[in-house]
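What follows is a short report on a single structure.
Each chain gets a letter, A, B and so on, in the order the sequences are listed, and its residues count up from 1.
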There are 2 protein chains.
Amino acid sequence: MADVARRAGVSPMTVSRAFKTPATVSAAVRQRVEEAAAALGYVPNLVAGNLASSRSRMIAAVVPTLANSNFLGTLKGLSDRLRQEGYQLLLTETGYDPGEEAAAVAAVLGRRPDGIVLTGAQHHPSVTAMLRAAQVAVVETWDLHGPFIDMAVGFSHRAAALALGRMVVGRGYRRVGYIDFPHAGVRRFQERRRGVRAALREAGLDPGLVAGVADEGYAGGRSGLDSLLSMAGDLDAVICATDVQAIGVLFECARRGWPVPDRLGVAGFGDYEIAAEVPPGLTSVRTNGRGIGVAAAELILRRQEGGMAAAPVLDLGFEIVSRGSLR
Amino acid sequence: MADVARRAGVSPMTVSRAFKTPATVSAAVRQRVEEAAAALGYVPNLVAGNLASSRSRMIAAVVPTLANSNFLGTLKGLSDRLRQEGYQLLLTETGYDPGEEAAAVAAVLGRRPDGIVLTGAQHHPSVTAMLRAAQVAVVETWDLHGPFIDMAVGFSHRAAALALGRMVVGRGYRRVGYIDFPHAGVRRFQERRRGVRAALREAGLDPGLVAGVADEGYAGGRSGLDSLLSMAGDLDAVICATDVQAIGVLFECARRGWPVPDRLGVAGFGDYEIAAEVPPGLTSVRTNGRGIGVAAAELILRRQEGGMAAAPVLDLGFEIVSRGSLR
DNA sequence: TATGGCTCTGGTATCGCTAACATCGAACCT
DNA sequence: AGGTTCGATGTTAGCGATACCAGAGCCATA
């Protein structure tokens, strides 16, 4: 920076201003500085800048997994919105392991991010403690059951699952099974299970057809269907914790030659891109994953600007998308 | 840090050592420092540390897209391997836009990452210039046609596509179409197209059945199939630039009631998880996406340790996985 | 007992930038 | 003319760590 300043015939402070707040520098000087910087290939060192200003313009995102998940949408929303403001994303995957999450938060905090976006509202106690102490903007995403560390954006998984269950029941299915998520202890998935079972119970149907699965991904749909059929051979519909599992069920039906939606109705959760593509179309819950990311970004940005002492909680809702997999 | 030092009755320098190089501090002192740090909730400020040591322990990854892609595996391999060494990932998506890539590299360089992982070997000239000037470890991934900025890990897309094409031809298909990638200008996809066409040509078949598509994702398979059929109603096999498109073709076949592999043979590229799940199984090229990420991490780490002045180029190869979508 | 080599600890000088305040003309007002 | 305001620039003092060198004990060896 000193070299650039010398070459442009100004002080280092003016160079700094020419980059950070160009409006505060006269046009002539700004141009001289830009030319000097270009000639010398100068790239401002943000590490030093961050240290001096104690603002890093980095946001950390901590997600359970990227594979086959709606978190990608959230991440994309987040990073798109943040990039516009010159922020960057520090990413960590935790594999649904609370210990990993705690380690990730600890590691990331040392870099003094301006904000941290967490997935879910269920954390190791040390995570809560560290983040409270760090005085950093925190957004918990996807789940909406507090208490929250700071801010939150998501929707009610229970309400969504309840609505989906009611739709299945309303279509006349009577022996409805539910395929759980491999990490069934995660609150988000507990809520989904509860919502579905509540819908069955209120219709006087058996809410006991629940299959726990060990397999991740599509394979979970297959093994879940197997275990549901061993519980109830007359099973006529399946609701899955995620679309990926539901697609696995559809594939298994195709393999068995079972017509969907007549032999078996199928519903998923998440409305992944593939839900609209797979024949005969998968009925699912559309969640606003991208919107969650954008909203999280907005909350953090607004907090940076100093306004907003309160800690908002945003419900972005959901929508049931009806397709051919349900009669 | 000064507070911790005071509380532990040592100098700040010793606190620094207790964290960075515990072996150089006596056990008694180390424990006092750890206790003091815990009591005060001290989290070392890596920003300051980075500035002083001019090593950031951050690696930047620049990928075209995360959705429906094999880059996820690479990213995961990269981040898993790096996390073990205490490094973190700075992520940027560019949407297959070279201008965006240049902007991303410029933005990221200011944070002085210890390494940058790029996708492909085709970049805006400014990217090459910036990275050369920055003296940072660079790994170009996936593609293996130089010249490279620094190091590279990938495989030959042409050889893979050639092998896949030969397999299709070997199974007796005679009117073979190819569905291109939406961003057909990307070198990696040019190579795939060339490999397939070379296989067709050497078998004396028409290499002209190539469909360009505009749609991303599964929809591209559907529209690609449409346009191939309008070119050749007697089409008997389709090779796709990616598995996602191939799955789109399989879905369209199911919709039309066309038996696969008899009415139409289908082959994809990438061996995504779904390829093994979708009936009747998708024949595809298995690429070692995760391995590419791990190898890229290793290269950067080794470069950090000071060894390895040379700039290695690693070919991780590929493998054809034969499944039911080809007779 | 003197010497050299260890291991452990401390002091000092940066790393490259920005916050905060100081300065200086020029423009504007009464 | 004098005072006030404002915009553009410069000066100074850190931000919170680490690199580097120096010094203090301690042991083994001759």
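- Shown for residues 49-57 of chain A: residues whose heavy atoms fall under 4.0 angstrom of DNA chain D, namely A:Leu51, A:Ala52.
- At distances below 3.5 Å, not a single donor-acceptor pair connects side-chain atoms of A:Thr65 with backbone N or O atoms of A:Thr94.
- Legend: residues meeting side-chain contact (heavy atoms from CB on, under 4.5 Å) with A:Leu72, ordered by chain and number and at least two apart, are A:Leu66, B:Leu66, B:Leu72.
- Using a 4.0 Å cut-off between charged nitrogen and carboxylate oxygen, B:Glu298 and B:Arg302 do not count as a salt-bridge pair.
- Between the side chain of A:Thr74 and the backbone N or O of A:Ile292 there is no donor-acceptor pair closer than 3.5 Å.
- When the local axes at the two ends of the helix from C:dT1-D:dA30 to C:dT30-D:dA1 are compared, using 5 base pairs at each end, they differ in direction by 30° after rounding to 10°.
- At a non-hydrogen distance threshold of 4.0 Å, nothing from residues 39-48 of chain B comes into contact with DNA chain C.
- Residues in residues 27-39 of chain A take part in these side-chain hydrogen bond (donor to acceptor under 3.5 Å, both in side chains) pairs, two or more places apart or across chains: A:Gln31-A:Glu35.
- Take A:Arg6 and apply the salt bridge (Lys or Arg N to Asp or Glu O under 4.0 Å) test, not counting sequence neighbours, and it matches A:Asp3.
- Checked against side-chain contact (heavy atoms from CB on, under 4.5 Å), A:Arg57 has the following partners two or more places apart in sequence or in another chain: A:Tyr87, A:Asp114, B:Arg111.
- Here the side chain of A:Ser53 pairs a donor or acceptor atom with the backbone of A:Gly49 at under 3.5 angstrom.
- Contacts classified as salt bridge (charged side-chain N to carboxylate O under 4.0 Å, His left out) and involving residues 129-144 of chain B (residues at least two apart or in different chains) are given here: B:Asp143-B:Arg188.
- Between the side chains of A:Gln122 and A:His145, not a single donor N or O lies within less than 3.5 Å of an accepting N or O.
- Remark: B:Asp150 pairs with B:Arg303 by the salt bridge (Lys or Arg N to Asp or Glu O under 4.0 Å) rule, at least two apart or across chains.
- Between B:Phe155 and B:Trp142, the ring planes lie perpendicular to each other; the angle is over 60°, past the 30° to 60° tilted range.
- Defined by atom type and a distance below 3.5 Å, a donor-acceptor pair is missing between the side-chain atoms of B:His157 and B:Gln190.
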Any N/O pairs under 3.5 Å between the protein and nucleotides 10-12 of chain C? List them or say none.
unit_1: C:dG10; atom_1: OP2; unit_2: B:Ser11; atom_2: N; d: 2.9
unit_1: C:dG10; atom_1: OP2; unit_2: B:Ser11; atom_2: OG; d: 3.2
unit_1: C:dG10; atom_1: OP2; unit_2: B:Thr14; atom_2: OG1; d: 2.6
unit_1: C:dG10; atom_1: N7; unit_2: B:Arg17; atom_2: NH2; d: 2.6
unit_1: C:dG10; atom_1: O6; unit_2: B:Arg17; atom_2: NH1; d: 3.4

Between side-chain atoms of residues 37-45 of chain A and protein atoms elsewhere (two or more places apart, or another chain), which donor-acceptor pairs fall under 3.5 Å?
unit_1: A:Asn45; atom_1: OD1; unit_2: A:Val47; atom_2: N; d: 2.8
unit_1: A:Asn45; atom_1: OD1; unit_2: A:Ala48; atom_2: N; d: 3.2

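- Atom CZ in A:Arg6 sits about 16 Å away from atom C1' in D:dG10, given to the nearest Å.
- Summarising the geometry, the separation between CE on B:Met1 and P on C:dC15 is reported as 18 Å, rounded to the nearest angstrom.
- Inspection of the A:Glu101 and A:His124 side chains reveals no N or O donor paired with an N or O acceptor under 3.5 Å.
- Contacts between residues 18-32 of chain B and DNA chain D, defined by a heavy-atom separation below 4.0 Å, involve B:Lys20, listed by number.
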